[in-house]
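Step one of this worksheet: look at the structure below.
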Amino acid sequence: MRVTVRLFARLRDIAGAGELQRDLPAGASVHTVWRSMVSDFPELSAYESSISCAVNADYSRFTAAVADGDEIAFLPPVSGG
Amino acid sequence: MRVTVRLFARLRDIAGAGELQRDLPAGASVHTVWRSMVSDFPELSAYESSISCAVNADYSRFTAAVADGDEIAFLPPVSGG
Amino acid sequence: MNLTAITTAPLNQQAVAASLDTAGIGAVSVFLGLVRDRNQGRRVLHLEYEAYEPLALRGLDLIVAEAREQWPAVRLAIHHRIGRMAIGDASVVIAAASPHRADAFAASRYAIERIKQIVPIWKREYFEGGDVWIEGATADPDNAGAREQALRIACA
Amino acid sequence: MNLTAITTAPLNQQAVAASLDTAGIGAVSVFLGLVRDRNQGRRVLHLEYEAYEPLALRGLDLIVAEAREQWPAVRLAIHHRIGRMAIGDASVVIAAASPHRADAFAASRYAIERIKQIVPIWKREYFEGGDVWIEGATADPDNAGAREQALRIACA
């Protein structure tokens, strides 16, 4: 299956893109997606303990299963206001 | 000596005027002025313990001496904002 | 525009806030007091505000000075309207600007509490069936306890 | 005008406040966050704000719902700007209207604290000599501790 990965702020800078496609095995979780990102962009690992994630524009847990066509977003610590 | 007395809100209603003149003996204090007002308008006595006073548009004490030409104001509890 | 004003003209929150120098400012807290349609179970028709104007203006200036003493980086503007006001009209606008938000909120809150304590302004409420002068606090700018109470409410 | 918005357009405090129904309202607390010229000793030139827009809007809506739960009589509007902003520009405008002032101040303060906790918006600071993404809180709307902290700051 294929998902869209969205990256923001510094994560986007590290990956050089705010939107990427990833092909995943069946049964993949958000965490699987993140590991695949870190594998391609090792600098992302610094965010391991501070990122949040969202599935289809809704906050999610890293253990959540992902489905074909999902949009998976990784969010560094926020700084709005 | 002669002073101007200013009354506000309910005090003004009781006296029927917001500005009055009062002739006073030498050595009069703000309290003398107030007693003279209560004597003319007994209903004012209800405010004995809750009014504030000002001399020439500056908060004052009731024991302050007044001088010829002063403006003495009596202020019921405030309700601005 | 002056930092403090007693005026019969309608108040403009944006103009009051814009009157503050915002160099170095990261937060602005604006407070508006509006005329409510109900008070103590009565249906209010309109209000009339009256002030002892020169002393009321001094009172607002004193509040600005007190706030500066408490929060040196805060800039504060207070405009109070007097005269007849309809339901929903703004009777007072306070704008507090500060480098950081905590002080902006505190100074804004402090100012409205102090106005209700020491500024010689009175409102007469016209309700269905009558009218009444509203009486709140005995004004005494030397009352340290009242000032401390306003600070406690503001900073807590 | 919507109660919540993420927009690239300049914010208008008066319009945001005016979007609230003021029937029964006696107090409005408006908060503006402005772009500061200094941050951590650096001289800031300008900021760029970025959002994950659909989730940021949901975050603002969640804050409005949380505030309604905490202060049922409060009406809250939150508009956050994104894109490039100059020093002094408003990045966020919050308006909280309530029958009485305590709740208006509390809800306004609560909203800005919660924005900084859970809304996926990021600012990139361009300063003299470089630029940096500012990173604050790890966003987690399920973190009850963070919500309680925002309530404590707001209501205290």
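Below, all heavy atoms of this structure are taken into account, side chains as well, without hydrogens, waters or symmetry copies. Naming: A, B, ... by sequence-line order, numbering from 1 per chain.
- Contact count against chain B (heavy-atom pairs under 4.5 Å) is highest for Ala137(C) among Ala137(C), Ser91(C), Gly33(C).
- For chain B, the option among Ala56(C), Pro54(C), Ala139(C), Ala111(C) with the highest count of heavy-atom pairs below 4.5 Å is Ala139(C).
- Between the Tyr59(B) side chain and the Gly59(C) main chain, no donor and acceptor come within less than 3.5 Å of each other.
- A donor-acceptor pair is defined here as one N or O able to donate and one able to accept, closer than 3.5 Å; no such pair exists between the side chain of Glu135(C) and the backbone of Pro77(B).
- Using a 4.5 Å cut-off on side-chain heavy atoms (C-beta onward), Leu75(B) and Trp122(C) make contact.
- Summarising the geometry of Asp58(B) relative to Leu55(C), their closest heavy-atom pair is CA-CD1, 4.0 Å, with the distance given to 0.1 Å.
- Looking at heavy atoms from C-beta onward, Arg61(B) lies in side-chain contact with Asp142(C) at the 4.5 angstrom threshold.
- The two residues Gly81(B) and Val92(C) come nearest to each other via the heavy atoms C-CG1, 3.7 Å.
- Scanning both residues, Ile51(B) and Thr138(C), for their nearest heavy atoms gives O-CG2, 4.2 Å.
- Taking all atoms of both residues into account, the shortest heavy-atom contact from Asp13(B) to Arg124(C) is OD2-NH2, 3.0 Å.
- For Gln117(C), the part lying near chain B is the backbone, with the side chain staying farther off; criterion is any non-hydrogen pair under 4.5 Å.
- In this structure, chain B has a heavy atom under 4.5 Å from the side chain of Ile112(C), while its backbone stays farther away.
- Taking each heavy atom of Ser79(B) and Lys123(C) in turn, the nearest pair found is OG-N, 2.9 Å.
- Chain B forms the most heavy-atom pairs under 4.5 Å with one residue out of Phe31(C), Tyr52(C), Tyr49(C), and that residue is Tyr52(C).
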